[in-house]
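Labels below follow one simple rule: chain letters A, B, ... track the order of the sequence lines, proteins then strands, and each chain is numbered from 1.
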Amino acid sequence: MRAEQLQNEQTFTLAGTELIARSTGALWWPEQRLLVVSDLHLGKSERIARRGGSLLPPYETQDTLARLDAEIEWLDPRSVICLGDSFDDGAARDGLDVEAVEWLNRLMAGRRWVWIEGNHDPGPVSIGGTHLAELQHAPLSFRHIARPGASGEISGHYHPKATLNARGRAVTRPCFLYDSDRVILPAFGTYTGGLRTDAPALAGLMRPEALAILTGPFTAEIPMPGRCS
Amino acid sequence: MAALPPAFTDWFASRGWTVHPHQQAMLERADAPALMLVAPTGGGKTLAGFLPTLAELADGGHQGLHTLYVSPLKALAADIRRNLSTPVAEMRLPIRIEDRTGDTSATAKKRQRADPPHILLTTPESLALLLSYEDAPRMFAGLKRVIVDEIHALAESKRGDQLMLGLARLQSLCPGLRRVGLSATVEDPPALARFLARHPDPCEILYADPAPDADIRMLETEEKPPWAGGGGAYAIPAVLEQVKKHKTTLIFHNTRAQAEIFFHNLWLANDEDLPIGIHHGSLAREQRQKVEAAMVAGELRAIVCTGTLDLGIDWGDVDLIIQVGAPKNVKRLIQRIGRANHRYNAPSKALLVPANRFEVVECVAALEAAKARDLDGDPRGPGPRDVLCQQILIAACAGPIDADALYAEVTTAGPYAALTRPEFDACLDFVATGGYALRAYDRWQRLKQAPDGTWALRDPRAARQIRMNIGTIQDSELVKVRMRGQGKPLGEIEEGFAATLTKGDTFLMAGRIVRYEGLRETTVEVTRTNHSKPRVAAFMGTKFATSTQLSHRILRMFQQDSWPELPDHTAEWLALQREVSKMPEADRLLVESFPWDGREHTCIYGFAGRNAMQTLGLLLTQRMEVLGLHPLGFVSTDYAVLIWGLDRLDDPAPLFEPGDLREAFDTWLGGNAVMKRTFKASAVIAGLIDRQTGGQRKTGKQATFSSDILYDTLRRYDPDHLLLGITKEEALKGLVDFGRIEEMLDRTRGRIDHVTLDRVTPLAAPMFLEVGKVPIHGMATDRLVAEEAERLMQDAGLGESETANPRRGWRVPY
């Protein structure tokens, strides 16, 4: 394979709609100028500390926002949908520091902004934007956790990651998963781990022909590892 | 306490034993605040350590805990309990002896805290855990002696630092506590004594009679050793002959992988079906115990093993040690040889098997060093601060801490005697607040300062988490291997290796060839197979580098006019090198440049040990990239690094400019996987991240994320953070070993001999056969990923996706 073929995004089709998986882990719907990110987990280090856990480097909110900012800067979306678990919990959301809130407000200015609710952050949002349990935008629907039997569905929650055996070197990357019914986004937040695609929760959800798009410096598309084939 | 109570002398007499002079000396000095006994393996060390305790306890007057015994191995604690129980029972002494390790039941542990035995046998980790409980002062009240067994082994790792901080804590609880250290033969006993004793207490060192000179030789084989490689397979027939001639032979290897391959080949050649077992740290406990029991029962003729058999458990009638591969370190060689004839004052017998031609030189050098009792070892640096951070957390679990008192306490520990107050305060700040420069956890500090100035856990729930993370042993991420349909695991392999396996792959495990069937939760399922060419499971284990002293001895040997002590094939090889090029010298750096196979090669004879030479390879290729020399790859061994590339190196001097090399090192630290692993180990010890247990990985929770993310985040937002400082300090040793590069630069001081030739030199030739070549291209991983992705898509019949989706993103312009 020639180096020229390394790329930073991958186009695919869901419910007749052309979508672009970005190497950053964001999803772009060019026709609607709509940007989707999932599982930002803002305020995670603060929540862990509050509950008596470790004092992790408290820079993940800053880092996540900086990367989101770069995507918005580059793509200039009309709408942004955060697919749930945007905040690590309610207190993390309310405890967000002033700079982070101002930064978010700056990103929200002049565009439609939707907070889909996740298991970590149910309930209304005190900062701007629209708060919804889920969103229909024909032919697609946006929700936090995939619903078996749904179609044209865009969700997050699972933080999928896939491991690839590249000439004896195991490389693990967060990834998108998609088939003809749905796409599951990787987590966009800095402090997020992943669930291997061969975990039953994911393997049972996706069709046998599902594909994975690895994120990282570049995208790479592979058959979903561990799918039920 | 010079004389033994009559019960003891009678008991000794009934066995036909006499008290060894060093055992008597230990009794005479039983009141010393600190005492260290240096004795060869099998010198009755342990009994010498315990005799004063048994004598003091003989009258039954002591209530509660009297002696704490700490050893590096759980198995050793259990072994000693059994060995002590015999004399105690036979002399009818009123002494209760118990062990306490990770394997002790919860009920027994609870009872031990409420009602401690007279003698408690434990490990550094279990002691640290005991000290974290609020009732520690009650449990340890009345403690008189602490015996640290195999202190030479503990002092080689952070477990020793943790133990010494633990002893400092114990000494605060029991001011009259006396310390005893038991050590095998080491290069610098006074340094070890300073490590043990309460600073600045003196510590007398007692020496048992040295063991008689061991009978060490090279194993003579019909076949010559190969030019490169590490398995020693050529020597199998000769090894088997030796096994037949002896009762029990221990066959030591330097790595687990080599032990597995050798064992496999030994079995194939074992026509007489001699009972031979294998023992190494990656085997399941059940497997190891089976081998250990068979060995003690005298049922095995040979055991292929690694360092797990290095420490003092009595394995019965071993009469021959075979060391396959260069011993790398003379001290360890001597300790290993001591495993044979584990009886006082009996000479040990050992054979060395060099795995390749260069190792012939190294083995002969090691043999001479062993005969001269010239032991090696690098001086210990100051106590690592990640261990100190953990100690502060442990202290906070037990109760509020007074910073002044704790600082005074930790500086009584030998390894921390030179710790400054600002260094201590930085660790306390890290533990309490995270120690971040840009942002602080004002409300959620881990430790809060009370109005009286003491520090206490803000959230008492944190104590449980802290206790779960106690210890300094690095567990690599392992997955169990299990025969399909059977309950008992065979052993463990590294998660990374497991991830590269696909169904049908074969590998060696516990001496068997097994076929990978699949991953079930966190267990690799395998079946038996007759496949003849297995891959080898990758085990973490340490890759020992040839010691500085042994490297210097080899360099001195190279300066001889001729080499009568070497076999002809090796002496001729060196003579040819001298004729064609030069021999490497200790105070000069030999660099050879020559073309081969259409590429320009450069070989640098740094003699800095394999870890440092690997790091040097990475740094030099990076510098060559900058200088436009287009390096393509390199390979390293203990003595040299061979680099190949498109352009010839005309002047190596600029490559070795120390300032530039150090700067390249700093830059390189950033993205390096070895550094990330180093960071992770320190972050776990210092309490920043939780130790990952098998159970947690099993749940596959997406909540836990890689420590690499924390490393990258800290480097970006807080580059001066304490943990990055600790990580860098760690990089001077261990896998990165930059300290040895400094040593090389220091002894050669820019005196470079650059020899340019038109063909490969004799000394460089074996390098071409070495495995572990490292390709240099920055985008390597991404290219490999793209390549593999395309292959997988093709396999899945999806290779046409490009035409189906003609829209692509931007492309990298090269």
Less than 3.5 Å apart, any donor N or O on the side chain of A/His41 or A/Asp88 sitting next to an acceptor on the other? yes
Could I get the full list of salt bridge (Lys or Arg N to Asp or Glu O under 4.0 Å) partners for A/Asp39, not counting sequence neighbours? none
Answer yes if the side chains of A/Thr215 and A/Ser23 hold a donor-acceptor pair under 3.5 Å, and no otherwise. no
Where on B/Leu457 is there a heavy atom nearer than 4.5 Å to chain A: the side chain, the backbone, both, or neither? neither
Is it true that A/Glu9 and A/Thr219 share a donor-acceptor pair across their side chains at a distance under 3.5 Å? no
Selection from B/Leu723, B/Ile689, B/Ile466, B/Leu438 maximising heavy-atom pairs under 4.5 Å formed with chain A: B/Leu438
Would you tell me whether B/Thr433 and B/Gln445 have side-chain atoms, one donor and one acceptor, within less than 3.5 Å of each other? no
Heavy-atom contact with chain A under 4.5 Å, split by part of B/Ala686: neither
In terms of heavy-atom pairs under 4.5 Å with chain A, which of B/Arg461, B/Arg791, B/Arg446, B/Arg443 leads? B/Arg446
B/Arg458 versus chain A, heavy atoms under 4.5 Å apart: side chain, backbone, both or neither? side chain
Side chain / backbone / both / neither for B/Arg716 at chain A, heavy atoms under 4.5 Å: side chain
Looking only at the side chains, is there a donor atom on one of A/Thr190 and A/Arg67 sitting less than 3.5 Å from an acceptor on the other? yes
If you tally heavy-atom pairs under 4.5 Å against chain B, which of A/Pro57, A/Gly53, A/Ala212 wins? A/Pro57
Can you tell me which portion of B/Tyr441 sits under 4.5 Å from chain A's heavy atoms? Options are side chain, backbone, both or neither. side chain
